Number of protein chains: 2
Amino acid sequence: MMKFSKKLEYALIALVYMSQRGEEQLTTSREFAGQFNIPQEVAGKVMQSLARKNFIRSVQGVKGGYQLATNAGEINLAELINAVDGPFTVVGCMSQEEESCGCDQHDYCNIRSSMSLIHNRIMAFFRSITLKDILSRRIAGLSGESFPVHFDRLLNPTDIK
Amino acid sequence: MMKFSKKLEYALIALVYMSQRGEEQLTTSREFAGQFNIPQEVAGKVMQSLARKNFIRSVQGVKGGYQLATNAGEINLAELINAVDGPFTVVGCMSQEEESCGCDQHDYCNIRSSMSLIHNRIMAFFRSITLKDILSRRIAGLSGESFPVHFDRLLNPTDIK
DNA sequence: GGTAAATCGGACAATTTTTGTCCGGTTTTC
DNA sequence: GAAAACCGGACAAAAATTGTCCGATTTACC
Ligand code: FES
Ligand code: FES
């Protein structure tokens with residue numbers, strides 16, 4: 001329940017992968033798919049989504065591929081989710097159309113305002129996580145200490161196994 | 001993507017509904033389902049899940065029903081999600097079995113450690129939201145001011161429409 | 001100029017997850 | 001003993017996710 005979609009996983013993996021190669025390096029969807037055992041066509045679509053939002057730059061033709069955008073480090077998880085999965089809503093009624101949230105009828109919805117708060121809060125969290133954060137976490141991860149400040153502040157120590 | 005399940009919505013609506021009636025009041029699954037236009041059987045199952053975790057107390061037989069547990073206000077969203085939907089994981093590899101997260105092969109997963117941090121962070125957030133919070137938000141909601149401290153601190157003002 | 005390798009994009013098929021239904025059982029009141 | 005409630009498993013329907021197919025366009029290179 002509430003899992004991230006594969007598309008989002010793929011997008012993150014792709015961005016991290018591309019970040020760890022030269023800035024100028026072109027990455028082809030075939031190569032990326034091969035490295036991580038992802039179906040080529042799916043990898044292709046995901047990268048197309050990213051290109052459409054200018055998170056990466058596409059170069060067509062043979063010898064083409066994708067290249068990380070200049071300040072890709074600043075793109076955040078909320079934008080990313082929106083790019084690959086479309087608008088995110090914890091609960092139906094949050095996407096302009098107010099109809100059909102599921103809980104209609106009678107008294108009218110009990111929990112709508114609270115859901116809205118939770119929705120906003122999660123959005124804010126996603127917005128606060130940048131690709132740079134994700135990258136630095138990976139690098140700092142093995143040292144057992146010195147997590148990026150960002151995560152340090154957010155993470156409850158008792159959560160770490 | 002990443003929407004809360006209907007079961008979770010129903011559970012929340014049920015708990016809020018029951019909270020807003022007398023403490024001693026019994027609520028039947030049929031009645032609840034009727035009030036909110038939810039399929040009876042589904043409403044029943046959800047309430048059974050809640051009863052199994054002792055969030056509500058069940059009374060059998062005709063004239064039976066469900067009754068809010070004594071300190072139901074303290075139950076939090078994480079427990080609730082676990083009760084109705086089973087364990088929550090933002091990404092497959094977080095549930096003891098390390099196999100089949102989806103992104104296997106080669107270099108090994110790029111983003112696993114970051115995903116783990118995000119997972120823990122979201123869990124902590126869900127744990128921090130109690131039924132009482134949800135209730136008080138609803139009551140305070142119409143006043144336009146004085147949100148519960150809890151939410152006030154968490155919410156980015158620019159998120160409110 | 002032709003071929004191959006790449007990005008594009010739509011339609012669609014397969015799979016999985018979510019959601020809802022059915023049915024028979026147990027407990028309890030009247 | 002009948003009716004109304006909780007209980008729980010199996011299953012069916014619907015929706016969402018995930019993956020596949022096919023054809024089109026762009027471009028490097030021979
Ligand atoms: S109407 Fe959207 S949460 Fe109930
Ligand atoms: S292996 Fe779990 S996030 Fe990739």
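Since this is a predicted model, take the numbers as computed values, not measurements. Lettering follows sequence order; numbering is per chain, from 1. These numbers come from the heavy atoms of this one structure, side chains and all, not from hydrogens, waters or symmetry mates.
Summarising the geometry, the separation between CD on A:Glu9 and C1' on D:dT17 is reported as 13 Å, rounded to the nearest angstrom. Here the P atom of nucleotide D:dA15 and the NZ atom of B:Lys3 are 12 Å apart, to the nearest Å. As rounded to whole Å, 13 Å separates atom C1' of D:dT17 from atom CG of A:Leu8. Separating the CE atom of A:Met47 from the P atom of C:dG9 is a distance of 15 Å, rounded to the nearest angstrom. Note: CZ (A:Phe88) to P (D:dA16) measures 16 Å, nearest angstrom. Distance B:Arg57 CZ to D:dC6 P: 13 Å, rounded to the nearest Å. We find that OH of A:Tyr66 is positioned 15 Å from P of D:dT26, with the value rounded to whole Å. Going from atom CD of A:Glu31 over to atom P of C:dT7 covers 10 Å, rounded to whole Å.
Applying the salt bridge (charged side-chain N to carboxylate O under 4.0 Å, His left out) criterion to A:Glu31, with sequence neighbours excluded, gives A:Arg21. Residues satisfying the side-chain contact (heavy atoms from CB on, under 4.5 Å) criterion with B:Val59, sequence neighbours excluded, are B:Leu26, B:Arg57. Residues satisfying the side-chain contact (heavy atoms from CB on, under 4.5 Å) test with B:Lys3, not counting sequence neighbours, are A:Thr89. Residues passing the side-chain contact (heavy atoms from CB on, under 4.5 Å) test with A:Ala51, sequence neighbours excluded: A:Ile56, A:Ser58, A:Tyr66. When the side-chain contact (heavy atoms from CB on, under 4.5 Å) test is applied to A:Gln40, the partners found at least two apart in sequence or on another chain are A:Arg30, A:Ala33. For A:Phe32, the ring-ring contact (aromatic ring centres under 6.0 Å, His included) partners are A:Phe36, not counting sequence neighbours.
Residue-level contact check: A:Arg52 touches the backbone only, with heavy atoms under 4.0 Å from sugar-phosphate atoms and none from bases. Among the protein residues, B:Gly65 comes within range of the sugar-phosphate backbone only, with heavy atoms under 4.0 Å from sugar or phosphate atoms but none that close to a base.
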Tabulate atom names and distances for all N/O pairs under 3.5 angstrom spanning the protein and nucleotides 18-22 of chain C.
from   : atom 1 : to      : atom 2 : distance (Å)
C:dT19 : OP1    : B:Lys6  : N      : 3.4
C:dT19 : OP2    : B:Lys6  : N      : 3.1
C:dG20 : OP2    : B:Tyr10 : OH     : 3.2

Under 3.5 Å donor-acceptor pairs involving side-chain atoms of residues 72-80 of chain B, not counting sequence neighbours:
from    : atom 1 : to       : atom 2 : distance (Å)
B:Glu74 : OE2    : B:Lys132 : NZ     : 2.9
B:Asn76 : OD1    : B:Ala78  : N      : 2.9
B:Asn76 : OD1    : B:Glu79  : N      : 2.9
B:Glu79 : OE1    : B:Asn76  : N      : 3.1

Base, backbone or nothing for each nucleotide of nucleotides 24-30 of chain C, written B, S, -, heavy atoms under 4.0 angstrom, 5' to 3'?
---BBB-
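No side-chain heavy atom of B:Arg121 sits under 4.5 Å from any side-chain heavy atom of B:Leu117. With a 4.5 Å cut-off on side-chain heavy atoms, B:Tyr10 and B:Met47 do not count as touching.
Here B:Thr28 reaches the OP1 or OP2 of D:dC6: one of its side-chain N or O atoms lies under 4.0 Å away. The shortest distance between the side-chain N/O atoms of B:Ser58 and the OP1/OP2 oxygens of D:dA5 is not below 4.0 Å. Put simply, A:Arg30 has no side-chain N or O that comes within less than 4.0 Å of OP1 or OP2 on C:dA5.
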